[in-house]
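Lettering of chains follows the sequences in order, A, B, ..., and the numbering in each one begins at 1.
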Amino acid sequence: MKSKYLLVLGTVSLIGLPGAVLAHGATVEYRQVQAIEIDATYSGGQPMGNAQVTVYAPNNPAKPWLTGMTDPQGRFSFTPDPAQPGNWEVKVRQAGHGDLVTVPVREEIALSPSKTKESASLSRWVARGDRDYASKTQQVLLGAAGVWGFFGTALFFARRKPE
Amino acid sequence: MTKLLLLASLTLIVPGVLIGCSQQETSQEPVSDPASQTSGETALDTTAETTEQPSGTLVLVANGEDFIREGFTTKDGWRIDFENAFVTLDEVNAYQTEPPFDPDGAATLNATQEIPLLQQPTTVDLAKGAAETAPVPVTRKQAPQGTYNAIAWKVIPAETGPAEGSTILLKGTAQKEGRNVDFTISFDQPLAYTCGEYVGDERKGILTSTEQAELETTLHFDHIFGDAETAAGDALNQDAVGFDPFAALAEGDSLNVDSNRLKAELSAQDYQKLLKAIAGLGHVGEGHCRLEN
């Protein structure tokens, strides 16, 4: 290890081809995904170009999930597996220099790249929201309605009969 | 009157029953909700609270890398080979941290698990063994499974043995242009580091049940002497002392210096460089450490 360098993280939105195109039976679709971009530089500010990159997923941090190299500007981007929210770790090394950075990926972000899983995620979120909302409503509306019902019934039986 | 009592009872009981049913449903929600079960934070909290977790063995090693085991050529052209490189370690603790500890930041270490690995001064010789030899084993300890992604350690003066009084003692031979210098260099500067995760060819600190995992303290001696294989303009060589200033203090073919003599006889600039280089010795592989003193 000769000197420190910095890894600067950024999250970028990678937007695919705009819209679906049909031509000669080919189908091109697009989807929006959120990717992680790594920016590796030495302490002096020089980019760590063509450095070795290893990405570890939260579910199996001992085994590389993805390997690659930074571009000449020291940048590298990847899209986390939507099924694995948690701490993603990215190791960048070059000629005895190295560092590891942890990228916390939340579930709602991780699930967004896949259309199918995004739908599943949204459904689950809505379901949870409805359930939370309903439980509070029960405490207020059902309680009040119940009290008023029994109170009204009791008043009905307790009323004085006309003489 | 009976009807009024009945009315009062129903007024109190019914809302209670309704609210009770509502609270029961709410309390079951986290258990049945897969989303909350898969969050990293929840999983870690559960792990930390479990008293009987599966455990394995954490092995602490110390490493002076090939620079110490093989020798190397300094930035100013001295070929140096080490006979001994004594370092005295103490108060070594392994941690599982969440969020992962960043030694380059200002945040404090937030441990979800702490394992004291070494609680008494232990002197190791980093030059022991051949070049391809694995790092020097220091100690081993049973620990709950998990990812130990931080380690804190101290380098203190040895209380006994060949390095007594020294935090680091380097003994070896330097050669340049037909001149040989047998050197013994003693430093007494105590060091305390808090480090993040090991960075190297392999991953370390990931302990699964019944297995063993290594944690490493690494010292980069090229920070003191520089490295001829690295560009002269590289920050490493710009910040390194080299060996010429040490050789200038030799008496004939012998150099025997300690921190007091180095402070008195090195130039102020070289001495400041030396202090900074010693402070930057501590790493975890290529991973970084924060100097705490």
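Contact residues of residues 58-69 of chain A toward chain B are A/Pro61, A/Ala62 (heavy-atom distance under 4.5 Å).
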Next on the checklist: As a quick check of understanding, evaluate side chain to side chain contact (heavy atoms under 4.5 Å, CB included) for B/Val284 and B/Ile151, giving each step before the final call.
Outcome noted: CA-CA 9 Å; B/Val284 276; B/Ile151 181 172; 3.6 Å; yes
Item to check | Trace of the salt bridge (Lys or Arg N to Asp or Glu O under 4.0 Å) decision for A/Arg93 with B/Asp201 | outcome: CA-CA 9 Å; A/Arg93 302 177 70 208; B/Asp201 289 334; 2.6 Å; yes
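Counting all heavy atoms, side chain and backbone alike, B/Tyr95 lies closest to B/Ala152 at CE1-CB, 3.7 Å.
With a threshold of 4.5 angstrom between heavy atoms, A/Gln52 does not approach chain B through any atom at all.
Between A/Phe78 and A/Trp88, the angle of the ring planes lies from 30° to 60°, which puts this pair in the tilted group.
For B/Thr97 and B/Asn149, the side-chain atoms include at least one donor-acceptor pair closer than 3.5 Å.
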Which donor-acceptor pairs under 3.5 Å do side chains of residues 235-243 of chain B form with protein atoms, sequence neighbours excluded?
{"unit_1": "B/Asn237", "atom_1": "OD1", "unit_2": "B/Asp227", "atom_2": "N", "d": "2.8"}
{"unit_1": "B/Asn237", "atom_1": "ND2", "unit_2": "B/Asp227", "atom_2": "O", "d": "3.1"}
{"unit_1": "B/Asn237", "atom_1": "ND2", "unit_2": "B/Thr230", "atom_2": "O", "d": "2.9"}
{"unit_1": "B/Asn237", "atom_1": "ND2", "unit_2": "B/Ala231", "atom_2": "O", "d": "3.0"}
{"unit_1": "B/Gln238", "atom_1": "NE2", "unit_2": "B/Ala232", "atom_2": "O", "d": "2.9"}

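In this structure, SG on B/Cys195 lies 10.5 Å from CG on B/Leu109, to the nearest 0.5 angstrom.
Contact count versus chain A (heavy atoms, under 4.5 Å) is highest, among B/Pro100, B/Gly226, B/Gly200, for B/Gly200.
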